[in-house]
Amino acid sequence: MAEIRIMRIGHRPQRDKRVTTHVALSSRALGAKGIYVDTEDRVLEENVKSVCERFGGDFFIHTGVKWKETVKKFDGVVVHLTMYGQKMNEALEKIPKDKDMLIVVGAEKVPPEVYEKAHFNVSVGNQPHSEIAALSIFMYSLTSGNALYEDRNARFTVIPNERGKTVVEVPR
Ligand code: SAM
């Protein structure tokens, strides 16, 4: 699977701080390379970077990034997640897996142009729910969850455990 990046549109720093943080962290856990957020938000950047510093990997977050330019410049497949799109399982059969992918998710109403610019408009069910759920289900279906337990060369590594918490800390 090639590289996956996320474009988050319509982020409102006060209202969406938790949801956008979780969009970033869920995509990171599922193997995304990084996230672009349209509205500048330094607090969001710091929160996500702090998790990355502790739990490893090279995930990036850039805020204040214009979606139109990002989509235009992106050299790969642009997938827009929307409840109005084609069925996920049908789309997954057509989406090339060897090209880099930019996955676009909204917050409030997404501009109609996004539907035109995306190569694929994909629904994760035809009911309204959440960008975190849509992104996680889509990425899991795309990657079979390959990144979920990958070694990230982290300061803190959580060792899966039937009970209790096992955390290994590598002193830096
Ligand atoms: N009413 C908004 C609209 O018309 O775009 C939906 C807002 S929803 C809270 C935020 C984002 O979650 C959407 O932009 C979309 O990316 C994602 N989303 C929600 N339900 C979805 C679904 N069933 N399939 C795919 N994506 C979905």
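In each ligand, atom 1 is the first atom listed, and ligand 1 is the first ligand listed. When a residue number appears, it is its place in the shown sequence, counting from 1.
Using a 4.0 Å threshold on non-hydrogen atoms, atom 14 (O) of ligand 1 counts as touching the protein.
With respect to atom 23 (N) of ligand 1, the closest heavy atom belonging to the protein is Gln127 O, 2.7 Å. Scanning the protein heavy atoms around atom 17 (C) of ligand 1, the nearest turns out to be Glu131 CA, 3.8 Å. Looking at atom 16 (O) of ligand 1, its nearest protein heavy atom turns out to be Leu81 O, 2.6 Å. Nearest non-hydrogen protein atom to atom 6 (C) of ligand 1 is Glu108 O, 4.4 Å. Of the protein's non-hydrogen atoms, Tyr84 CE1, 3.8 Å is the one closest to atom 4 (O) of ligand 1.
In this structure, the side chains of Val122 and His80 stay at 4.5 Å or more apart for every pair of heavy atoms. In this structure, Phe74 and Arg5 have side chains that are in contact, with non-hydrogen atoms separated by less than 4.5 Å.
In this structure, Met88 has no heavy atom closer than 4.0 Å to ligand 1.
Close approach of ligand 1 to Thr82 (heavy-atom distance below 4.0 Å) involves ligand atoms 24 (N), 25 (C), 26 (N). Heavy-atom contacts of Val110 reach the following atoms of ligand 1: 5 (O), 14 (O) (cutoff under 4.0 Å). Near Ala134, meaning under 4.0 Å from any of its heavy atoms, are these atoms of ligand 1: 25 (C), 26 (N), 27 (C).
Considering only non-hydrogen atoms, atom 9 (C) of ligand 1 lies nearest to Ala107 out of Gly125, Ser130, Ala107, Gly106.
Side-chain contact check for Tyr84 and Ser123: no donor-acceptor pair (N or O, by modelled atom type) lies under 3.5 Å. At a cut-off of 3.5 Å, with distance as the only test, no side-chain donor of Thr39 or His11 sits close to an acceptor on the other residue. Side chains of Thr63 and Glu40: no donor on one and acceptor on the other come within 3.5 Å.
Ligand 1 has a nitrogen or oxygen under 3.5 angstrom from a nitrogen or oxygen of His129. For the pair His80 and ligand 1, the shortest N or O to N or O distance does not fall below 3.5 Å. Between Val124 and ligand 1, at least one pair of N/O atoms sits closer than 3.5 Å.
The proximity of Ile9 to ligand 1, defined as any non-hydrogen pair under 4.0 Å, does not occur for either the backbone or the side chain.
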Glu69 vs Lys72, salt bridge (charged side-chain N to carboxylate O under 4.0 Å, His left out): CA-CA, chis, key distance, verdict: CA-CA 5 Å; Glu69 278 176 26; Lys72 197 171 167 189; over 6 Å; no
Step by step, work out the side chain to side chain donor-acceptor pair (under 3.5 Å) result for Thr82 and Asn121. CA-CA 6 Å; Thr82 165; Asn121 289 292; over 6 Å; no
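Atom CZ of Phe60 and atom SG of Cys52 lie 11.0 Å apart (nearest 0.5 Å).
Formation of a donor-acceptor pair under 3.5 Å by the Asn146 side chain with backbone atoms of Thr143 is found in this model.
Ile61 and Met101 fall within a single hydrophobic cluster, where Ile, Leu, Val, Met, Phe, Trp and Tyr are joined by side-chain heavy atoms under 4.5 Å apart, directly or via other members.
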